[in-house]
Trainee: 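Provided herewith is a single structure, encoded as structure tokens, for subsequent inquiry.
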Amino acid sequence: MNARDSSADDALYRTRHSLAHVLAQAVLDMRPGSTLGFGPPIADGFYYDFILTEPITEDDFPELEQRMRRILKKGQRFYREDLSVADAFTRLDEMQEPYKREYAAELVDKNGLPSLSFYRNGPFLDMCEGPHVDTTRDIPRDAFKLRSVAGAYWRGDADNVMMTRIYAWAFADKASLDAAVSAFELAQERDHKKLGRELDLFLIDDDVGRGLPLWLPNGTVIRDELEKLAVELEFKAGYERVATPHIAKADLYDRTGHLAHYKDSMYPPMEVIEESADGESVRETYMLRPMNCPHHHKIYASRLRSYRDLPLRLAEYGDVYRWEASGAVSGLARVRGMSMNDAHIYCTEDQIKDVFREVISQYDEAYRILGLNDYGIRLSRWDPDDPKGREKYVDAAEAWRRSERIITELLDEMGIDYEDAPGEAAFYGPKIDVQFHTVTGRDETVSTVQLDFAVPPRLGLTYIGPDGAEHTPYCVHRAPFSTHERFTAFLIEHFGGAFPTWLAPVQVQVLTVSAQFSAYAREIVDRLRANFVRAELASESDTVAKKIRDGTTRKIPNLLIVGEREVADRTVTLRRYGVKQQATMPLDAFEAALGKAIATRSLTFEL
RNA sequence: GCCGGAAUAGCUCAGCCAGGUAGAGCAACUGAUUCGUAAUCAGUAGGUCCGCGGUUCGACUCCGCGUUCCGGCACCA
């Protein structure tokens with residue numbers, strides 16, 4: 001069911017898959033009359049979906065686990081049985097498993113299977129491909145743990161019934177289970193919502209609205225530093241910055257096609273009525289913009305463009321608003337108002353590959369600076385067979401094939417490994433998504449490069465070619481730093497809140513051993529601040545131990561301790577976050593090293 | 001949006017199951033302390049127990065509705 005299942009024969013797969021059956025048996029025992037969905041192994045365990053007669057909550061887990069262990073103890077043997085299609089259907093009807101029955105019919109229809117396999121262990125019977133362990137005694141009783149209960153649509157389709165999914169961890173032995181559970185708990189500590197509160201980075205206030213974060217001073221520093229970096233990288237690559245308003249007339253989004261595809265996830269229209277000079281009232285409809293491209297397109301279209309002007313690169317950290325589904329909104333990761341690291345590159349078809357190369361190398365540079373390397377590339381393509389395709393994609397088969405071919409060739413030429421993802425394209429064209437594996441165990445799209453063949457012609461964008469005739473440019477959309485919101489959420493978790501000096505809200509905190517040294521401490525702070533270092537003086541009335549504890553809790557990267565010795569020698573004692581060993585050095589040397597670490601955006605701070 | 005769970009001081013949480021109108025630690029504030037490496041001491045203040053309704057002599061506690069958050073699913077230009 002996913003890529004990880006290729007090792008279908010290995011023992012752990014069989015253990016997890018068999019445990020799913022054991023869970024189902026225990027659930028049916030506890031909730032007789034419930035019906036089954038799917039119950040596959042997954043990366044760290046397994047789940048099983050049910051329609052339950054009575055809800056199950058996490059409070060039921062101890063009892064459920066106990067029932068499972070009892071089943072394991074019994075040593076139920078797994079028996080496989082292959083039934084003809086007709087017999088299989090009859091049996092599924094007898095079992096009163098309508099969802100399994102539906103799936104069986106589809107397997108037979110689509111794949112033309114001549115027979116279907118069933119597995120029985122003890123009283124439990126399930127239509128299933130296998131393989132399984134020999135007996136439930138082969139499964140370690142202390143290497144699984146129920147994790148959570150969740151809702152999930154049957155077959156992943158929101159038009160279907162909602163089932164109850166029970167997730168569990170399962171491993172080959174207790175040590176692996178314990179390791180996975182404690183890794184999970186550790187990851188919870190890095191949750192950006194938790195760290196965002198603890199480090200005073202942002203807040204979300206009900207009176208302002210769901211999904212509309214307010215950036216606090218500390219968080220704003222991170223935003224500003226990221227934006228500064230983005231602007232530098234873009235400047236070097238020949239981008240020109242523009243600034244455009246947060247709203248536009250609804251008609252514009254009608255012409256681009258955004259309304260047709262995304263109306264439901266836009267804030268509703270604002271109607272205004274104005275009186276014109278001749279006394280007529282003129283009604284106009286405005287919308288909060290859900291993306292910046294139409295505004296940039298209008299800048300492109302504001303004058304006649306020659307092929308000599310291309311590629312033309314327009315960049316803006318643009319604020320956009322999207323009516324994200326209530327259940328999707330979460331912290332900074334998914335919001336309704338966001339600031340996007342946007343740019344649109346207008347180019348000819350011949351230039352597409354070069355533009356992509358340039359953008360990809362910019363991504364490499366950005367990731368290198370931030371020390372990000374745990375990611376994969378996904379080629380997000382059109383899916384011509386998608387039953388909902390008419391709503392999801394522009395209808396232009398030839399243009400889809402053409403643009404996808406260009407990008408596929410490019411990826412191959414660059415020797416980039418990618419995951420092919422039909423059905424993940426934007427409505428206006430294919431894209432390359434950078435999928436990060438986050439420390440909290442999720443996969444998420446952080447950056448993206450998109451090839452848009454559809455919107456420029458709709459807005460009548462043209463350039464004059466060498467042949468003297470009008471042509472339509474392509475538009476490449478790119479956002480290496482995603483939105484400030486999502487990217488910061490990602491970085492908070494990546495760094496666990498302990499940002500490198502150049503990104504840290506407070507870069508240096510100076511602590512005195514006692515208040516009698518505060519003149520020197522203040523001098524240091526003033527000197528650093530004069531050089532735009534975010535330095536501050538720690539509270540005077542606390543003990544040294546307390547000040548160190550506070551600075552460490554706030555994850556300030558550099559604590560400077562000054563006392564009698566430092567004042568006498570004009571030195572500072574540097575205590576780096578997470579580094580046991582301190583170093584005492586001349587103030588000048590510290591300033592020079594710090595200045596260099598900040599200027600080069602160093603992750604480590606070499607002394 | 002859907003399924004399930006939760007909401008008590010700025011934060012972390014106890015009290016609620018068995019109704020009798022709130023408690024701790026940290027943070028904050030005030031004072032004392034001036035200290036060499038992860039919590040100095042004392043005091044003060046801080047709560048429409050998410051909101052609205054219902055049951056009850058009486059509701060933080062029970063019930064209903066709503067809001068927000070969390071875990072997932074769906075969605076993600």
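Note on naming: letters A, B, ... go to the chains in the order of the sequence lines (proteins, then strands), and numbering restarts at 1 for each one. Just so you know, these numbers come straight off a predicted model, no measurement behind them.
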Trainee: Expressed in whole Å, how much space separates the C1' atoms belonging to A45(B) and U61(B)?
Mentor: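 That atom pair is separated by 27 Å.
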Trainee: What distance, rounded to whole Å, do you find between the two C1' atoms, one in C26(B) and one in A14(B)?
Mentor: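 Rounded to whole Å, the distance is 15 Å.
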Trainee: Using ring centroids (six-membered ring only for Trp), state whether F427(A) and Y393(A) fall under 6.0 Å.
Mentor: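 Not close enough - the centres of the two rings lie 6.0 Å or further apart.
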Trainee: Could you check whether E566(A) gets within reach of a base, just the sugar-phosphate, or nothing at all, counting any heavy atom under 4.0 Å?
Mentor: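 Base, at least one base heavy atom under 4.0 Å.
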Trainee: Kindly say whether the aromatic ring centers of H477(A) and Y428(A) come within a distance under 6.0 Å.
Mentor: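 Centroid separation for H477(A) and Y428(A): below 6.0 Å.
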Trainee: Please measure how far the P atom in C2(B) lies from the corresponding atom in A27(B), and state the result in whole Å.
Mentor: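 The same atom, P, in both gives a distance of 43 Å.
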Trainee: Is there a side-chain contact between T57(A) and the phosphate of G5(B), meaning an N or O under 4.0 Å from OP1 or OP2?
Mentor: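 No, outside the criterion.
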Trainee: Applying the Watson-Crick and G-U wobble criteria at under 3.5 Å, what pairs with C57(B)? Answer none if nothing qualifies.
Mentor: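 Here C57(B) is engaged in a pair, and the nucleotide opposite it is G20(B).
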Trainee: If a protein heavy atom is under 4.0 Å from the base, mark B; if only from the sugar-phosphate, S; if neither, -; do that for nucleotides 44-53 of chain B going 5' to 3'.
Mentor: ----------
Trainee: Assess the side chains of R165(A) and Y167(A): does a donor N or O sit below 3.5 Å from an acceptor N or O?
Mentor: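 Judged by distance alone, the side chains do pair up.
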Trainee: Rounding to an integer number of angstrom, what distance separates A7(B) and C63(B) when you compare their P atoms?
Mentor: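 Between the two P atoms, the distance is 13 Å.
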Trainee: Tell me the interatomic distance from R549(A), atom CZ, to A39(B), atom P, rounded to whole angstroms.
Mentor: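 These atoms are roughly 7 Å apart.
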Trainee: What distance do H297(A) atom NE2 and Y346(A) atom OH have between them, rounded to the nearest 0.5 Å?
Mentor: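 Interatomic distance, H297(A) NE2 to Y346(A) OH, rounded to 0.5 Å: 4.5 Å.
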Trainee: For Y520(A) and G36(B), what is the distance between atoms OH and P respectively, to the nearest whole Å?
Mentor: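 Checked: the OH to P distance equals 19 Å.
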Trainee: Between the protein and nucleotides 27-34 of chain B, list the N/O to N/O atom pairs that are separated by less than 3.5 angstrom.
Mentor:
from   : atom 1 : to      : atom 2 : distance (Å)
A27(B) : OP1    : K546(A) : NZ     : 3.1
U34(B) : O2'    : S514(A) : OG     : 3.4
U34(B) : O2     : A515(A) : N      : 2.8

Trainee: With a 4.0 Å cut-off on heavy atoms, is T573(A) in touch with a base, just the backbone sugar-phosphate, or nothing at all?
Mentor: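 Base contact.
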Trainee: Calculate the interatomic distance between I51(A) atom CD1 and C3(B) atom P; express it in whole Å.
Mentor: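 These atoms are roughly 12 Å apart.
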Trainee: Could you list, one pair per line, each protein nitrogen or oxygen that sits under 3.5 Å from a nitrogen or oxygen of nucleotides 11-14 of chain B, together with the distance?
Mentor:
from   : atom 1 : to      : atom 2 : distance (Å)
U12(B) : OP1    : R197(A) : NH2    : 3.0

Trainee: Taking only residues two or more places apart in sequence, or in another chain, which ones meet A187(A) in a side chain to side chain contact (heavy atoms under 4.5 Å, CB included)?
Mentor: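 Scan of A187(A) (side chain to side chain contact (heavy atoms under 4.5 Å, CB included), adjacent residues dropped) gives T440(A).
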Trainee: Taking salt bridge (charged side-chain N to carboxylate O under 4.0 Å, His left out) as the definition, give me every residue that meets it alongside E189(A), ordered by chain and number, with sequence neighbours left out.
Mentor: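 Testing E189(A) for salt bridge (charged side-chain N to carboxylate O under 4.0 Å, His left out), a comparison that skips the adjacent residues, returns K194(A).
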Trainee: What about W169(A) and F46(A), are their ring centers closer than 6.0 Å?
Mentor: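 Distance test on ring centres: not under 6.0 Å, no.
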Trainee: Under 6.0 Å between ring centres, would you say that holds for F436(A) and F490(A)?
Mentor: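 Ring centres of F490(A) and F436(A) closer than 6.0 Å.
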Trainee: With sequence neighbours left out, which residue pairs that include part of residues 548-561 of chain A fulfil the salt bridge (charged side-chain N to carboxylate O under 4.0 Å, His left out) condition?
Mentor: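 Listed once each, the pairs are E536(A)-R554(A).
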Trainee: Pairs under 3.5 angstrom only: tabulate donor-acceptor contacts from the side chains of residues 537-548 of chain A to other protein residues two or more places apart or in another chain.
Mentor:
from    : atom 1 : to      : atom 2 : distance (Å)
S539(A) : OG     : S541(A) : N      : 3.4
S539(A) : OG     : D542(A) : OD2    : 3.0
E540(A) : OE1    : T512(A) : OG1    : 3.2
T543(A) : OG1    : K546(A) : N      : 3.1
K547(A) : NZ     : T512(A) : O      : 2.8
K547(A) : NZ     : T512(A) : OG1    : 3.3

Trainee: Applying the Watson-Crick and G-U wobble criteria at under 3.5 Å, what pairs with G46(B)? Answer none if nothing qualifies.
Mentor: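 Checking every strand shown, G46(B) finds no partner, since no pair has both distances under 3.5 Å.
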Trainee: For atom C1', what is the distance between A28(B) and U21(B), given to the nearest Å?
Mentor: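 Each nucleotide's C1' atom is 27 Å from the other's.
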Trainee: Please find out if less than 6.0 Å separates the ring center of F481(A) from that of Y317(A).
Mentor: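 No; Y317(A) has its ring centre 6.0 Å or more from that of F481(A).
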Trainee: The criterion is side chain to side chain contact (heavy atoms under 4.5 Å, CB included); which residues satisfy it with A24(A), sequence neighbours excluded?
Mentor: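 Only L36(A), Y48(A), F50(A), F124(A) meet the side chain to side chain contact (heavy atoms under 4.5 Å, CB included) criterion with A24(A).
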Trainee: Quick one: list whatever passes side chain to side chain contact (heavy atoms under 4.5 Å, CB included) with L186(A), sequence neighbours left out.
Mentor: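 Residues passing side chain to side chain contact (heavy atoms under 4.5 Å, CB included) with L186(A): none at all.
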Trainee: Using a 4.0 Å heavy-atom cut-off, write out nucleotides 64-77 of chain B from 5' to 3' as B (base contacted by protein), S (sugar-phosphate only) or - (no contact).
Mentor: ----SSSBBBBBBB
Trainee: Roughly how many Å apart are G20(B) and G4(B), using the P atom of each and rounding to a whole number?
Mentor: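 The answer is 30 Å between these two P atoms.
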Trainee: Write down the partner of A9(B) under the Watson-Crick or G-U wobble criteria, each distance required to be under 3.5 Å.
Mentor: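 Paired with no nucleotide.
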Trainee: Given T501(A) and N558(A), is the side-chain hydrogen bond (donor to acceptor under 3.5 Å, both in side chains) satisfied, shown in steps?
Mentor: CA-CA 8 Å; T501(A) 298; N558(A) 307 290; 3.1 Å; yes
Trainee: Return all side-chain donor-acceptor pairs below 3.5 angstrom for residues 205-219 of chain A, not counting sequence neighbours, or 'none' if the list is empty.
Mentor:
from    : atom 1 : to      : atom 2 : distance (Å)
D205(A) : OD1    : D207(A) : N      : 2.6
W215(A) : NE1    : E485(A) : OE2    : 3.3
N218(A) : ND2    : L199(A) : O      : 3.0

Trainee: Considering only the C1' atoms, how many Å lie between G53(B) and A59(B), rounded to the nearest integer?
Mentor: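 Rounded to whole Å, the distance is 13 Å.
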Trainee: In the structure shown, which nucleotide is the Watson-Crick or G-U wobble counterpart of G51(B), with both distances under 3.5 Å?
Mentor: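 Paired with G51(B), as far as the under-3.5 Å criterion goes, is C65(B).
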Trainee: Would you measure the distance from the P atom in A42(B) across to the matching atom in A24(B) and give it in whole Å?
Mentor: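 My reading of the P atoms in A42(B) and A24(B) gives 15 Å.
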Trainee: Who pairs with E63(A) by side chain to side chain contact (heavy atoms under 4.5 Å, CB included), at least two apart in sequence or on another chain?
Mentor: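 Scan of E63(A) (side chain to side chain contact (heavy atoms under 4.5 Å, CB included), adjacent residues dropped) gives M30(A), R67(A).
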Trainee: Rounded to whole Å, please give me the gap between CD in E54(A) and P in G4(B).
Mentor: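 Roughly 11 Å, once rounded to whole Å.
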Trainee: I need the CG-P distance between D59(A) and G5(B), as an integer number of Å.
Mentor: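 Result: 9 Å.
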Trainee: Tell me which nucleotide, if any, is Watson-Crick or G-U wobble paired with C73(B) when both distances must be under 3.5 Å.
Mentor: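 Looking at the geometry, C73(B) pairs with G1(B).
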Trainee: Sort out the partner of G31(B) for me: Watson-Crick or G-U wobble, both distances under 3.5 Å, none otherwise.
Mentor: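 Check on G31(B): paired to C41(B), both distances under 3.5 Å.
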